[in-house]
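Below is one structure; the comments refer to it alone.
When a residue number appears, it is its place in the shown sequence, counting from 1.
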Amino acid sequence: MNVFRDSRPEPAAARTARPRPATGLRARLAELRGPGVTPRPLDARALAALAANPGCRRRALLDGAGVDKAALARALGSPAPFGQSRFAIARGHSFEARVKADGGAELVRLTREQLGGGTEDPEPGAVATPDLSAAGPQGRAARTALALREAASRGGWTFLDHPMLALDVAGSPAYLEPDAVVVRPDGVWSVVEIKSFPMIDGSADTAKVGAAARQSAVYALALEQIAEQVTRHIPEDAGHGPEVGDRALLVCPKDFSNLPAAAPVDLRKQLATTRRQLARLTRVDELAAALPEGTTFDLRLADDGKTATRPAEELAEAVEAVDAAYAPECLAACELAFHCRGRAREAGLVESLGRGVRGELGGLRTVGEVLAAAAEPTDDGPEPAGPADPAAESLRRAAALRSEALAAARRAPSVPAPATPPLPERAGHGADGGPAARQEEAGCR
């Protein structure tokens, strides 16, 4: 997330009780990135992945400081194969431009058909398309909030193309840019996600739709913050205030063409999950304060701006200073996942086997502990203190069943494989019928 403000000011009593720090949060995060390094913006996809794994302090800090995790992974020797081809990006831009043509008329029509908001399509020119251009992300976010406030007081249809939304995450503002937001005449604000993967026969890939739903939920949470501000400025006799829809509009190419097809996506589950998990994130200033003195993720790029000159051992030590919560799902969402997986395997952590396995094993944290717990206790060994661990009992039972199955397989007599009968021979030819027979068969076919 981009951090554009210092930590909150302390009360006067606290300032007199202890010396004021020489640098604020803003300067500290700049030190973590390195001198002169531009912070990487945090988009909704990264935010959704961060919310899906709130226990990973490493990603929370790196994203909060704006560190380029892809470049960091390359410098560590564990690059992640992420990204789209330029042809896929160009096709996506072309499809989005077609959907938003004519002031978003087609997009508004799809919104009315799938999400409601009116009985008839709006007349040409009846859809408001405010200009959202401004300087910097803060300026664009303020201009978007003003446009949404004007749309709520005006009524009717409003189409916002690439608005900028601000969402407070772990004590810092993150600026997000959805594809579009449509304000309906009934006062509902609907998030629109435009994707380039096809919708075949009215359905799309389940995993990709789920990822789009999680991104849309992040946008909806940012819209809820704006809606609360707008509601406070609406007179009490003005009726109902703005409302953020719990359904997003997913727009994809129809079948294998470039024509748009749309479907509603329910966000209620994703909204509840993302809201709860974002609230669990540790504040960025707390994570930065817990680091050892002098810790930095600076790559020390060469004059070309791409080649890292800092030794990989130093970078690995800085990365390991922050706790990670690796899971196999990270491989599809985090650039550092391959590095974290390698370290988890080296340490023999059971997290590398999945969250389900980790939860079933209870207090057993490493593969060595699991194997030791699965072994039957001997008479010479010490007596276990306290009640038996249910996870250890289950492991010993599974190990015993496995040993019985292997012993039974070794005792079973070997059954010879059935002999394959030879092919019948034809007169004047070999076992395969000869060349003439093969030509005759080929002619019949």
Side-chain angles (χ1 to χ4, degrees), residues 44 47 100 103-105 107-122 126-134 137-169 173-194 212-251 262 264-272 274-275 278-279:
L47 249 183
K100 294 180 177 179
L107 199 58
V108 170
R109 183 188 67 81
L110 294 173
T111 303
R112 187 194 64 79
E113 289 181 355
Q114 301 295 333
L115 303 180
T119 57
E120 297 181 355
D121 293 335
V127 179
T129 56
D131 183 13
L132 304 179
S133 59
Q138 301 98 321
R140 291 185 58 196
R143 183 68 189 89
T144 298
L146 179 60
L148 288 170
R149 181 178 176 181
E150 294 174 350
S153 60
R154 180 177 59 250
W157 291 93
T158 302
F159 167 66
L160 280 71
D161 185 10
H162 282 291
M164 182 66 71
L165 309 175
L167 178 64
D168 185 81
V169 179
Y175 293 96
L176 314 172
E177 187 176 0
D179 293 329
V181 171
V182 175
V183 179
R184 290 149 44 181
D186 54 3
V188 177
W189 300 354
S190 299
V191 177
V192 178
E193 271 291 284
I194 303 175
R214 289 189 291 270
Q215 295 178 39
S216 300
V218 175
Y219 297 137
L221 290 178
L223 283 175
E224 287 180 354
Q225 294 185 0
I226 302 177
E228 293 176 359
Q229 300 174 3
V230 173
T231 303
R232 289 196 293 264
H233 296 84
I234 293 180
E236 296 181 357
D237 57 351
H240 64 277
E243 177 185 356
V244 180
D246 56 9
R247 294 189 303 167
L249 183 69
L250 177 63
V251 183
V265 179
D266 193 347
L267 302 180
R268 288 175 293 182
K269 179 180 178 181
Q270 285 78 8
L271 279 171
T274 306
R275 186 183 292 109
L278 287 179

In this structure, CD of Gln215 is separated from CG of Leu176 (nearest 0.5 Å) by 10.5 Å

For Gly117 and Asp186 the tightest heavy-atom approach is CA-OD2, 4.0 Å

TODO: With the side chain counted from C-beta on, respond yes when Leu221 and Arg275 share a heavy-atom pair under 4.5 Å apart, and no when they do not.
DONE: yes

Value for CZ (Arg149) from OG1 (Thr144), rounded to nearest 0.5 Å, stands at 14.5 Å

Distance col, row Leu132:CG vs Arg140:CZ, nearest 0.5 angstrom, shows 7.5 Å

All heavy atoms of Ala222 vs all of Ala166, minimum pair found to be CB-O, 4.0 Å

| said: With a 4.5 Å cut-off on side-chain heavy atoms, are Tyr219 and Glu193 touching? | reply: yes

Met164 and Pro137 have their tightest heavy-atom pair at CG-O, 3.7 Å

### Pair Glu113 + Arg109: basic N to acidic O under 4.0 Å
yes

Shortest non-hydrogen pair, Ile194 vs Lys100, comes out as CD1-CE, 3.7 Å

Taken to the nearest 0.5 Å, the spacing of Glu224 CD from Leu271 CG works out to 6.0 Å

OG1 of Thr111 to CG of Leu249, rounded to nearest 0.5 Å, is 4.5 Å

* Under 3.5 Å donor-acceptor, Ser153 side chain and Glu150 backbone -> yes

Tightest non-hydrogen contact, residues Val251 and Ala262, listed as CG2-CB, 4.2 Å

Exercise. Do Leu47 and Leu278 come within less than 4.5 Å of each other through their side chains, counting heavy atoms only?
Worked result: yes

When every non-hydrogen atom of Leu160 is compared with those of Ala147, the smallest separation belongs to CD2-CB, 4.5 Å

For Arg112, the side chain to side chain donor-acceptor pair (under 3.5 Å) test, sequence neighbours excluded, returns Asp121

inquiry  = Measuring only between side-chain heavy atoms, which start at C-beta, is Leu148 closer than 4.5 Å to Pro242?
reply    = no

- Message: Whether the Ser190 and Arg184 side chains hold a donor-acceptor pair (N or O, under 3.5 Å, no angle test) is what I'd like checked.
- Response: yes

CG (Leu165) and CD1 (Ile226) are apart, to the nearest 0.5 Å, by 5.0 Å

field: Within-4.5 Å side-chain heavy-atom neighbours: Val192 and Pro178
entry: no

Any side-chain to backbone donor/acceptor pair from Arg214 onto Gln270? Under 3.5 Å, distance only. no

Worksheet item: Can you tell me if CZ on Arg268 sees more than 12 non-hydrogen neighbours from other groups inside 6.0 Å?
Response: no

- Message: Between Thr129 (side chain only) and Phe159 (backbone N and O only), is there a donor and an acceptor less than 3.5 Å apart?
- Response: no

